[in-house]
Amino acid sequence: MMKKEEKVLLYNFKDKDEFTALKSLLENMKINVISADDTAYQQKVGYLFGLKGFSENRSEEGDFAFNYELMMFHNFTKSRLDAVLKKMREQNLKVPVCKAVVTSFNRFWTLRRVCEAMEKEHLSMRKDER
């Protein structure tokens, strides 16, 4: 059985040095990196990951402000995902608070919807910590 190609989408990384170091780490681990630009939030997750049956959304959504970095993983086992996060910590790379895995449901969401869900979850967790 052929191993499925692991992919990580990186979105909203402002620190270029951190982004470059993270991209290099992932590529060294033989992981395909998708660098999502500022307009990617308008696209469905399935399209951004190159999944079959998805095409580009050409309609314009209004401006979108997202204050976090997002890492989204596709075709990862739990142990492999843990290995990536461990390697990031070992290399003193900041692990984003917003991490998601592509699912059979969220592949149909826009990246904006994923970000909004992640932000809501993050803020809820922070509130619970108080």
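Predicted model, so just to flag it, every value in this text is computed and none were measured.
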- Would you find a donor on one side and an acceptor on the other, under 3.5 Å apart, between the side chain of N57 and the backbone of Q43? no

- Item | Nearest atoms (heavy-atom pairs only) where A100 meets M118 | CB-SD, 4.0 Å

- Message: Does either side chain, that of N32 or that of E5, offer a donor lying less than 3.5 Å from an acceptor on the other one?
- Response: yes

- Message: Using side-chain heavy atoms (C-beta onward) and a distance below 4.5 Å, is L70 in contact with L111?
- Response: yes

- Decide side chain to side chain contact (heavy atoms under 4.5 Å, CB included) for E6 and R80; before the verdict, give the C-alpha distance in whole Å, the side-chain angles of both, and the deciding distance to 0.1 Å. CA-CA 10 Å; E6 296 169 329; R80 181 73 166 153; 2.8 Å; yes

- Between F54 and F108, is the gap from one ring center to the other below 6.0 Å? yes

- Stepwise, does the side chain to side chain contact (heavy atoms under 4.5 Å, CB included) test hold for L51 with Y47? CA-CA 6 Å; L51 305 180; Y47 170 76; over 6 Å; no

- Query: Under a 4.5 Å cut-off applied to non-hydrogen side-chain atoms, are Y11 and M72 in contact?
  - Reply: no

- So which residues get pulled into V84's cluster when ILVMFWY side chains under 4.5 Å apart are joined, directly or through others? V8, L10, F13, F19, L22, L25, L26, M29, I31, V33, M71, F73, F76, L81, L85, M88, L93, V95, V101

- Query: Quick check: does any side chain N or O of N12 sit under 3.5 Å from a backbone N or O of F66, one acting as donor and the other as acceptor?
  - Reply: yes

- Task: Test salt bridge (charged side-chain N to carboxylate O under 4.0 Å, His left out) on E90 and K86 and set out the steps.
- Result: CA-CA 6 Å; E90 286 172 356; K86 182 177 185 235; 3.4 Å; yes

- Message: Checking side-chain polar atoms at under 3.5 Å, does D17 have a donor or acceptor matched by the opposite partner on T20?
- Response: no

- Query: Quick check: are there more than 12 heavy atoms from other residues, nucleotides or ligands sitting under 6.0 Å from CG of N28?
  - Reply: yes

- At their closest point, which heavy atom of E69 faces which heavy atom of K94, and how far apart are they? OE1-CE, 3.4 Å

- Query: Between N106 (side chain) and W109 (backbone), is there a donor-acceptor pair under 3.5 Å?
  - Reply: no

- For the side chain of K7 and the backbone of H74, is there at least one donor-acceptor N/O pair under 3.5 Å apart? no

- Using modelled atom types only, decide if a donor and an acceptor are shared between the side chain of K30 and the backbone of E27 within a distance under 3.5 Å. no

- Message: Using modelled atom types and a 3.5 Å cut-off, is there a donor and acceptor pairing between side-chain atoms of R107 and backbone atoms of T103?
- Response: yes

- Query: Atom NZ in K23, atom CD in E18: separation rounded to 0.5 Å?
  - Reply: 15.0 Å

- Is there a side-chain contact between E116 and F64, using heavy atoms and a 4.5 Å cut-off? yes

- Going by heavy atoms in the side chains, are T110 and Q42 under 4.5 Å from each other? no

